[in-house]
**Student:** 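One structure is given below, represented as structure tokens, and several questions about it will come after.
Predicted, not measured: the structure shown is a model, and the values here were computed from it.
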Amino acid sequence: MEMNKWKSMSRTSLGIMITAILVVGCNTSGNAPEAPAGNAAGGAAEQTDANQPETAAPEEVGYPEEITYWVQLNGNVAATMKDYGEIAAYKKVADITGTKVTFQHPPVGQEKDQFNLMIASGELPDVIEYPWASAPKGADSLIKEGRILRLNELIDAHAPNLTKILNENPEYRKMVTTDEGNIYVMPFIMGDPSLSVVHGPIVREDWLKKLGVEQPTTIAEWEAMLTAIRDGDPNGNGQKDEIPYLFHLPDIDLNHLFVGAWGITSDFYNEGGTVKYGPIQPEFKEFLATMARWYQEGLIDPDFATTDGKLKDAKVTGNQVGAFTGYPGSSIGRYIELMKEQPEFSLAGLVYPALEEGGYVMGNYSYPFSGIGAAVSATAENPEEIVKWLDYKYGEEGHFLFNFGIEGESYTMVDGYPKYTDLILKNPDGLPITQAMAKYFIANWSGPIVQDKRYMEQYYVLDQQKQANKNWSQADHSKLLPPLTLTADESSKTASIMNDVKTYRDEMVTRFIMGAEPIENFDKFVSTIESMGIQEAIAARQAALERYNSRK
């Protein structure tokens with residue numbers, strides 16, 4: 001893991017010239033960012049500040065008068081506002097730059113379809129913010145087709161703040177540059193490794209104490225823990241209706257829980273420079289056999305295939321679930337708050353398990369840049385001005401604005417540390433922290449900014465949340481693929497292959513676990529995936545990995 005830091009200078013009467021630390025980690029997913037950190041250490045004015053970017057000199061080009069901006073609507077914003085224009089940070093930027101921004105939000109649940117239709121039509125807004133790694137065509141192709149702009153020269157000339165960040169952190173530049181040498185977005189960058197780990201296994205800590213069971217670190221210990229929950233009546237109602245483990249199929253791609261103990265993933269992964277597809281490996285059969293046995297023995301929720309978020313909430317808050325997977329904020333923090341009338345209710349984030357003591361451990365992780373960012377459309381009339389406007393967020397003022405909001409309202413500076421006020425942490429209107437944050441800034445999801453770890457240090461207010469991040473971080477991420485870019489040919493040839501493969505994989509994994517398909521048919525499962533063209537998809541990613549490794 002490589003670490004690069006921005007250094008800072010002290011405040012003067014003429015302005016603040018501060019720089020931010022950006023620590024490069026190694027890679028999942030994207031994750032919707034959620035993560036804590038350690039101590040909130042402050043300092044005097046002359047003390048080095050490791051989280052703030054330096055403000056560059058003003059550019060000759062002015063800010064644009066108007067911008068149309070397409071971006072998915074974050075749920076926390078949707079809960080209290082109609083669009084991003086109501087976020088305090090964007091209001092402030094409008095006052096500072098004089099730029100009127102018209103936000104365009106696709107209907108919730110239709111983001112991908114709306115994005116594809118928009119790109120195909122060629123009728124584009126000025127700025128498109130999107131998780132571009134999931135776009136059907138690679139960025140290089142979209143640049144060639146005249147959909148979005150190559151930004152290299154525009155960034156060099158009109159984005160001094162982002163230029164400084166990329167120059168001081170060459171690993172970031174490598175990630176945001178395509179195989180053909182194009183920078184295609186003003187990127188969202190997670191500025192500290194703690195921000196890259198956001199999801200993992202969670203257990204009813206109070207149940208373990210009641211049962212006298214230690215927190216597990218291996219697959220065998222997990223099985224013993226789940227068996228104890230099944231047999232021990234920890235919720236004390238005498239009905240033995242506990243669900244030891246609430247399995248959630250999408251999470252095996254997100255956090256690699258259990259399957260990672262066999263040294264593979266449920267998708268593509270990197271084995272010493274060779275790309276492999278986990279579900280066709282012999283180890284995947286062992287993983288499925290274990291899950292099928294747990295299901296048969298009543299250790300896994302019998303209704304896992306049909307349990308959605310609302311049902312999960314009901315089961316966890318109904319004292320039914322012993323272990324599940326989730327985030328520190330929306331799971332650990334939210335459930336503890338919901339169950340505050342039951343003071344003994346306690347949750348703990350468990351370390352990811354190994355197959356055996358001291359064995360390989362894999363967990364949730366996202367590279368600092370995973371493809372999320374703001375592209376400028378090729379039809380924009382004033383790209384220089386737009387790039388300058390976007391670059392404001394990477395400077396000192398913009399960094400604070402979009403990570404902490406309005407000084408004196410949503411945060412105050414305490415010994416050089418931006419400390420959130422009770423407007424955020426104990427909102428007087430009863431808003432959850434995530435929604436209170438969303439009214440002021442965008443740090444608790446994503447956007448064209450450098451995410452500051454001091455946001456996470458305060459977002460995770462509970463010791464259980466902070467410890468969960470530490471526990472989940474004890475994993476090896478070397479087998480996870482970096483943010484690869486496929487060529488147009490690779491993308492067009494393999495997109496339909498992977499759509500079919502993933503649909504079939506999900507269906508069969510569920511059938512194997514539930515016993516509808518005997519594990520003896522695993523070889524047939526592999527043969528079917530092979531017949532769908534998986535080797536072509538593997539070869540495409542192998543070529544992409546080699547191109548990525550050869551980037552300068």
**Student:** Do I264 and V259 have side chains that approach each other closer than 4.5 Å (heavy atoms only, starting at C-beta)?
**Tutor:**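 They are in contact (side-chain heavy atoms under 4.5 Å apart), so the answer is yes.
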**Student:** State which residue, out of N76, N444, N74, fulfils the side chain to side chain donor-acceptor pair (under 3.5 Å) condition with T434.
**Tutor:**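 Answer after filtering N76, N444, N74: N76.
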**Student:** Below 4.5 Å, heavy atoms only, C-beta onward: do H248 and F324 meet side chain to side chain?
**Tutor:**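 H248 vs F324: side chains apart.
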**Student:** Decide, yes or no, whether a salt bridge links K340 with E337 under the criterion of side-chain N to carboxylate O below 4.0 Å.
**Tutor:**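 Salt bridge between K340 and E337, a charged N being under 4.0 Å from a carboxylate O: yes.
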**Student:** Could you walk me through whether M291 and I300 pass the side-chain contact (heavy atoms from CB on, under 4.5 Å) test, one step at a time?
**Tutor:** CA-CA 8 Å; M291 295 299 103; I300 291 177; 4.2 Å; yes
**Student:** Ring centroid separation for F525 and F512, is it under 6.0 angstrom?
**Tutor:**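 So the answer is yes for these two rings.
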**Student:** Will you find, in the side chains of S134 and K112, an N or O donor that is under 3.5 Å from an N or O acceptor?
**Tutor:**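 No, because no side-chain N or O of S134 sits under 3.5 Å from a partner of the opposite role on K112.
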**Student:** Is there a side-chain contact (heavy atoms from CB on, under 4.5 Å) between Y277 and M498? Walk through the geometry before answering.
**Tutor:** CA-CA 11 Å; Y277 187 63; M498 290 315 302; 4.1 Å; yes
**Student:** Taking A354's backbone N and O only, do any of them form a donor-acceptor pair with W262's side chain (distance below 3.5 Å, no angle check)?
**Tutor:**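 Side chain of W262 to backbone of A354: no pair is present.
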**Student:** Does K502 form a salt bridge (Lys or Arg N to Asp or Glu O under 4.0 Å) with D506? I'd like the steps, not just the answer.
**Tutor:** CA-CA 6 Å; K502 188 178 186 307; D506 289 351; 2.9 Å; yes
**Student:** Go through it in stages, so that I can follow the logic: the residues are Q342 and N319, the test is side chain to side chain donor-acceptor pair (under 3.5 Å), and I'd like the CA-CA distance, side-chain angles, deciding distance and then a yes or no.
**Tutor:** CA-CA 10 Å; Q342 187 177 316; N319 283 312; 3.0 Å; yes
**Student:** If we ignore angles and hydrogens, is there a donor and acceptor under 3.5 Å between the side chains of H399 and D452?
**Tutor:**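 There is such a pair (donor and acceptor under 3.5 Å, judged by atom type) between the side chains of H399 and D452.
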**Student:** Short question: side chain of E111, backbone of G109 - any donor-acceptor pair under 3.5 Å?
**Tutor:**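 Yes.
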**Student:** Under 4.5 Å between any side-chain heavy atoms of W294 and I219, yes or no?
**Tutor:**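 W294 vs I219: side chains touch.
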**Student:** Nearest 0.5 angstrom please: K210 NZ to I229 CD1, how far?
**Tutor:**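 Atom-to-atom, K210:NZ and I229:CD1 are 12.0 Å apart.
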**Student:** Quick one: salt bridge (Lys or Arg N to Asp or Glu O under 4.0 Å) pairs with a partner in residues 74-91, sequence neighbours left out?
**Tutor:**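 Not a single pair qualifies under salt bridge (Lys or Arg N to Asp or Glu O under 4.0 Å).
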**Student:** I'd like to know whether S194 forms a side chain to side chain donor-acceptor pair (under 3.5 Å) with D192, so could you lay out the CA-CA distance, the side-chain angles of the two residues, the decisive distance to 0.1 Å, and finally the verdict.
**Tutor:** CA-CA 5 Å; S194 64; D192 188 84; 2.7 Å; yes
**Student:** Given F402, which partner from the list Y440, Y455, F188, Y90 fulfils the ring-ring contact (aromatic ring centres under 6.0 Å, His included) test?
**Tutor:**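 Passing option: Y90.
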**Student:** Would you say that F441 contacts L401 through its side chain, given a criterion of any heavy-atom pair below 4.5 Å between the two side chains?
**Tutor:**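 F441 vs L401: side chains apart.
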**Student:** Work out which heavy atom in P353 is nearest to a heavy atom in A261; give both atom names and the distance.
**Tutor:**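 Residues P353 and A261, closest heavy atoms: O-CB, 3.5 Å.
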**Student:** Does a side chain donor of either Q104 or Y84 reach within less than 3.5 Å of an acceptor in the other side chain?
**Tutor:**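 There is no such pair between these side chains.
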**Student:** Is it true that the side chains of N469 and Q465 contain a donor and an acceptor less than 3.5 Å apart?
**Tutor:**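 Not at all, the side chains of N469 and Q465 share no donor-acceptor pair under 3.5 Å.
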**Student:** Given 3.5 Å as the limit, does a donor-acceptor pair link the side chain of E221 with the main chain of T217, or not?
**Tutor:**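 Checking the backbone N and O of T217 against the side chain of E221, a donor-acceptor pair under 3.5 Å is found.
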**Student:** Just by modelled atom types, is the M362 backbone N or O under 3.5 Å from a matching donor or acceptor in the D476 side chain?
**Tutor:**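 No.
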**Student:** Classify the angle between the aromatic ring planes of F258 and Y245 as parallel (below 30°), tilted (30 to 60°) or perpendicular (above 60°).
**Tutor:**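 F258 vs Y245 ring planes: perpendicular.
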**Student:** Would you check, one step at a time, whether the test side-chain contact (heavy atoms from CB on, under 4.5 Å) holds for I87 with F103?
**Tutor:** CA-CA 11 Å; I87 299 173; F103 286 99; over 6 Å; no
**Student:** When you compare the side chain of K315 with that of D303, does any pair of heavy atoms fall below 4.5 Å?
**Tutor:**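 They are in side-chain contact.
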**Student:** Let me see the working for R454 and Y459 under side-chain contact (heavy atoms from CB on, under 4.5 Å), right down to the final yes or no.
**Tutor:** CA-CA 9 Å; R454 293 173 296 184; Y459 176 37; over 6 Å; no
**Student:** Under the ring pair (Phe, Tyr, Trp, His ring centres under 6.0 Å) criterion, do W222 and Y352 qualify, and how do the steps go?
**Tutor:** CA-CA 10 Å; W222 259 85; Y352 280 91; 9.4 Å; no
**Student:** Can you tell if the side chain of Y335 reaches within under 4.5 Å of the side chain of L347, non-hydrogen atoms only?
**Tutor:**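 When only atoms from C-beta onward are counted, L347 and Y335 do touch, with a gap below 4.5 Å.
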**Student:** Within this structure, what is the CD-CG distance for the pair Q215 and L208, rounded to the nearest 0.5 Å?
**Tutor:**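 Taking CD in Q215 and CG in L208, the distance rounds to 6.5 Å.
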**Student:** Quick one: closest heavy-atom pair of E129 and G447, and the distance?
**Tutor:**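 Closest pair (atom of E129, atom of G447, distance): OE2-CA, 3.4 Å.
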**Student:** Atom NZ of K466 and atom CD of Q464: how far apart are they, to the nearest 0.5 Å?
**Tutor:**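 Reported to 0.5 Å precision, the distance equals 10.5 Å.
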**Student:** Check the orientation of F404 and Y411. Use parallel for under 30°, tilted for 30 to 60°, and perpendicular for over 60°.
**Tutor:**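 The arrangement is tilted - the two ring planes meet at 30° to 60°.
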**Student:** Quiz question: by atom type and distance under 3.5 Å, do the side chains of N235 and R204 form a donor-acceptor pair?
**Tutor:**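 N235 vs R204: no donor-acceptor pair found between side chains.
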**Student:** Which heavy atom in E242 sits nearest to a heavy atom in P244, and how many Å separate them?
**Tutor:**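 Closest approach of E242 to P244: O-CD, 3.4 Å.
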**Student:** Looking at M190 and S366, what are the two nearest heavy atoms and their distance?
**Tutor:**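 Smallest interatomic distance, heavy atoms only, reads CE-CB, 3.6 Å.
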**Student:** Can a donor-acceptor pair be found, under 3.5 Å and without considering hydrogens, that links the side chain of R511 to the backbone of P518?
**Tutor:**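 Looks like no, no N/O pair under 3.5 Å.
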**Student:** Please find the pair of heavy atoms, one from N364 and one from S196, that lie closest to each other, and give the distance.
**Tutor:**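 In terms of heavy atoms, the two residues are closest at OD1-O, 3.8 Å.
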**Student:** Any Lys/Arg nitrogen of K240 or D231 sitting under 4.0 Å from an Asp/Glu carboxylate oxygen of the other?
**Tutor:**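 Judged by the 4.0 Å cut-off on N to carboxylate O distance, K240 and D231 do not form a salt bridge.
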**Student:** Could you check whether R505 pairs with D253 (Lys NZ or Arg NE/NH1/NH2 to Asp/Glu carboxylate O, under 4.0 Å)?
**Tutor:**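 A salt bridge links R505 with D253.
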**Student:** Does the pair K285/D523 count as a salt bridge with the N-to-O cut at 4.0 Å?
**Tutor:**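 Result for this pair is no, no salt bridge flagged.
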**Student:** Would the distance check show the side chain of Q467 and the main-chain N or O of L350 forming a donor-acceptor pair, the cut-off being under 3.5 Å?
**Tutor:**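 No, because the side chain of Q467 does not come within donor-acceptor range (under 3.5 Å) of the backbone of L350.
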**Student:** Measuring from atom OG1 of T485 to atom CE of M175, what distance do you get when rounded to the nearest 0.5 angstrom?
**Tutor:**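 The OG1 atom of T485 sits 13.0 Å away from the CE atom of M175.
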**Student:** Examine distances only and state if a side-chain atom of Y295 and a backbone atom of P302 form a donor-acceptor pair shorter than 3.5 Å.
**Tutor:**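 Answer holds: yes.
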**Student:** Which is it for E171 and Y367 under the side chain to side chain donor-acceptor pair (under 3.5 Å) test, yes or no, and what are the steps along the way?
**Tutor:** CA-CA 10 Å; E171 280 298 306; Y367 274 82; over 6 Å; no
**Student:** Within a strict 4.5 Å, meaning less than it, do heavy atoms of the L480 and T265 side chains meet?
**Tutor:**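 Yes, their side chains come closer than 4.5 Å.
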**Student:** Measuring only between side-chain heavy atoms, which start at C-beta, is P448 closer than 4.5 Å to V185?
**Tutor:**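 Contact flag for P448/V185 side chains = no.
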**Student:** Does the structure place the NZ or CZ of K479 under 6.0 Å from the centre of the six-membered ring of Y360, at an angle of no more than 45° from the ring's axis?
**Tutor:**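 The answer is yes, since K479 meets both limits relative to Y360.
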**Student:** Which atoms form the tightest heavy-atom contact between H477 and G363, and what is the distance?
**Tutor:**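 Looks like CD2-O, 4.1 Å.
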**Student:** Hey, could you give me the CD/NZ distance between Q435 and K439, rounded to the nearest 0.5 Å?
**Tutor:**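 Nearest 0.5 Å value for the CD-NZ distance: 9.0 Å.
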**Student:** Just by modelled atom types, is the V71 backbone N or O under 3.5 Å from a matching donor or acceptor in the H105 side chain?
**Tutor:**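 Side chain of H105 to backbone of V71, a donor-acceptor pair under 3.5 Å: yes, one is there.
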**Student:** Parallel, tilted or perpendicular, judged at 30° and 60°: which one describes the rings of Y130 and W70?
**Tutor:**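 Ring orientation of Y130 relative to W70: tilted.
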**Student:** Heavy-atom count check: over 12 atoms from other residues, nucleotides or ligands less than 6.0 Å from D308 CG?
**Tutor:**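 Yes.
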**Student:** From I538 CD1 over to L545 CG, what is the distance, rounded to the nearest 0.5 angstrom?
**Tutor:**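 The distance works out to 13.0 Å.
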